[in-house]
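Notes follow the structure.
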Amino acid sequence: MSGMPPVAAAAVARRSVRAFTAEPVPGEAIEAILAAALRAPSGGNLQPWHIHVVRGGALARLTAAMRLAQEAGEQEVPNHPVYPEGLWEPYRSRRFENGEDLYRTIGIERSDKAGRLRQLAQNYQLFGAPAGLFFAIDRRMGRAQWIDLGMVMQTVMLVALEHGLATCPQAAWALWPDTLGELLGLDEHMMIAAGMALGHEDTAHPINTLRTTRQSLDEGVTWHD
C-alpha cells in the first residue's frame, strides 16, 4: 500500500481481527480515537450514538457473565436480527464462503459443531481484546440514524489503525440485549446495535491470516454518465 493516501491505505488495510494480545490499550489512545470518530457525518447533526468503553474490571465482569450464560445454555430475545431470514444469493454464498474460510484457518471442519460453537463463543470474550466498545442508539431512531452509527464505527476502525491498533466489529452482541443493558446501565430507550473488540493483534494466531474476498468494481459499482 506504499504510495497510497493515508485514508485509502487505512481503508484497504482494515480487517476484522479475531485474536488479540493481552497488551493493554492506553486510555489516551482510546480517547484520541473516539474524539476523531465523533466527527463522523450525522444527518441533521443528530449524532444519534452513545459509545460505552468497557475495560479492566468491567470487562472481566462482562466476559464472566457471558461465559456463565452460555455454559447454562441461556438465550435472549435479540435487539435486531444479525442477518435477514432466508438469506438469498449472492449474499448466502458470500456468508457461507466467509465462514468456511474462517474455520479453515484454525483447522475446524464443517462437521465439528462443538469446535464451531467454541469459536463462536469467543465473540463474547471479545477475542481476548483488552477493551470493548459498545455502540448504543435510541431504539426510537430510524434507518437513517443507523447509517450515521455505521459511519462512526467505520471511523473508529480507520483511526485505530493510526494508533497501531486492531479492531473487530461484532453485530453478535445484539443477541444479548438484557445482559448488556444491565451491565452497561442502559435505560429503556437505549439499545446496543453492535460491539467492537479493540486491542493489539496477535500476529502469531492463524485465525488472523484470513483475508476475505471483495467485489470487483464491475460487480459493485454501476456508472451513470
Side-chain angles (χ1 to χ4, degrees), residues 1-37 51-60 62-64 66-67 70 82 94-110 112 114-135 150 152-173 194-216:
M1 286 170 284
S2 176
M4 272 190 179
V7 176
V12 173
R14 188 222 62 82
R15 56 195 173 82
S16 296
V17 165
R18 293 180 176 84
F20 293 82
T21 71
E23 181 180 352
V25 178
E28 295 82 1
I30 299 176
E31 287 183 4
I33 292 166
L34 296 183
I51 304 170
H52 294 260
V53 181
V54 180
R55 55 192 186 135
L59 179 61
L62 173 61
T63 54
M66 292 304 305
R67 189 179 297 110
Q70 290 181 297
V82 175
R94 289 175 185 166
R95 185 186 176 197
F96 179 84
E97 177 187 356
N98 183 73
E100 293 302 295
D101 289 347
L102 174 69
Y103 290 118
R104 191 176 296 115
T105 65
I106 49 178
I108 296 178
E109 299 294 334
R110 182 166 180 77
D112 186 0
R116 290 186 173 224
L117 289 174
R118 282 194 301 272
Q119 179 56 38
L120 180 64
Q122 288 302 306
N123 271 283
Y124 305 110
Q125 302 300 307
L126 288 159
F127 302 113
L133 308 179
F134 292 89
F135 297 83
V152 84
M153 290 180 65
Q154 172 75 345
T155 307
V156 167
M157 291 185 282
L158 297 182
V159 179
L161 286 172
E162 291 188 343
H163 291 264
L165 296 170
T167 55
C168 185
Q170 298 174 274
W173 284 101
M196 184 182 295
L198 174 70
H200 296 271
E201 178 184 354
D202 181 353
T203 57
H205 199 292
I207 202 167
N208 289 331
T209 63
L210 177 66
R211 299 293 184 272
T212 56
T213 59
R214 284 295 188 268
Q215 296 174 318
S216 67

Checklist line | CD/E100: more than 12 non-hydrogen atoms of other groups inside 6.0 Å | finding: yes
Notebook entry, point to check: side-chain hydrogen bond (donor to acceptor under 3.5 Å, both in side chains) with R95: which residues, sequence neighbours excluded?
Noted result: none
Any chance you could measure [X], atom [atom1], to [Y], atom [atom2], to the nearest 0.5 Å?
{"X": "N208", "Y": "R15", "atom1": "CG", "atom2": "CZ", "answer": "5.5 Å"}
{"X": "F20", "Y": "E201", "atom1": "CZ", "atom2": "CD", "answer": "8.0 Å"}
{"X": "L198", "Y": "F127", "atom1": "CG", "atom2": "CZ", "answer": "13.5 Å"}
{"X": "L158", "Y": "Q154", "atom1": "CG", "atom2": "CD", "answer": "4.5 Å"}
{"X": "L34", "Y": "I51", "atom1": "CG", "atom2": "CD1", "answer": "5.0 Å"}
{"X": "L126", "Y": "W173", "atom1": "CG", "atom2": "CH2", "answer": "5.0 Å"}

Keeping the roles fixed (side chain from [X], backbone from [Y]), state whether a donor-acceptor pair exists under 3.5 Å.
{"X": "H163", "Y": "L165", "result": "no"}
{"X": "Q119", "Y": "Y103", "result": "no"}
{"X": "N98", "Y": "T212", "result": "no"}
{"X": "Q125", "Y": "T63", "result": "yes"}

Kindly give the heavy-atom pair with the smallest separation between [X] and [Y], and that separation in Å.
{"X": "M196", "Y": "Q170", "answer": "C-OE1, 3.9 Å"}
{"X": "G164", "Y": "H200", "answer": "O-ND1, 3.8 Å"}
{"X": "T105", "Y": "P206", "answer": "O-CB, 3.3 Å"}
{"X": "I108", "Y": "G115", "answer": "CD1-O, 3.5 Å"}
{"X": "R55", "Y": "P130", "answer": "CB-O, 3.4 Å"}
{"X": "G199", "Y": "V25", "answer": "CA-CG2, 3.7 Å"}

Next item on the list: State, with a plain yes or no, whether a side-chain heavy atom of F134 is found less than 4.5 Å away from one of V54.
Entry: yes
Checklist line | Candidate pair E97 and T213, rule side-chain contact (heavy atoms from CB on, under 4.5 Å), full reasoning | finding: CA-CA 9 Å; E97 177 187 356; T213 59; 3.8 Å; yes
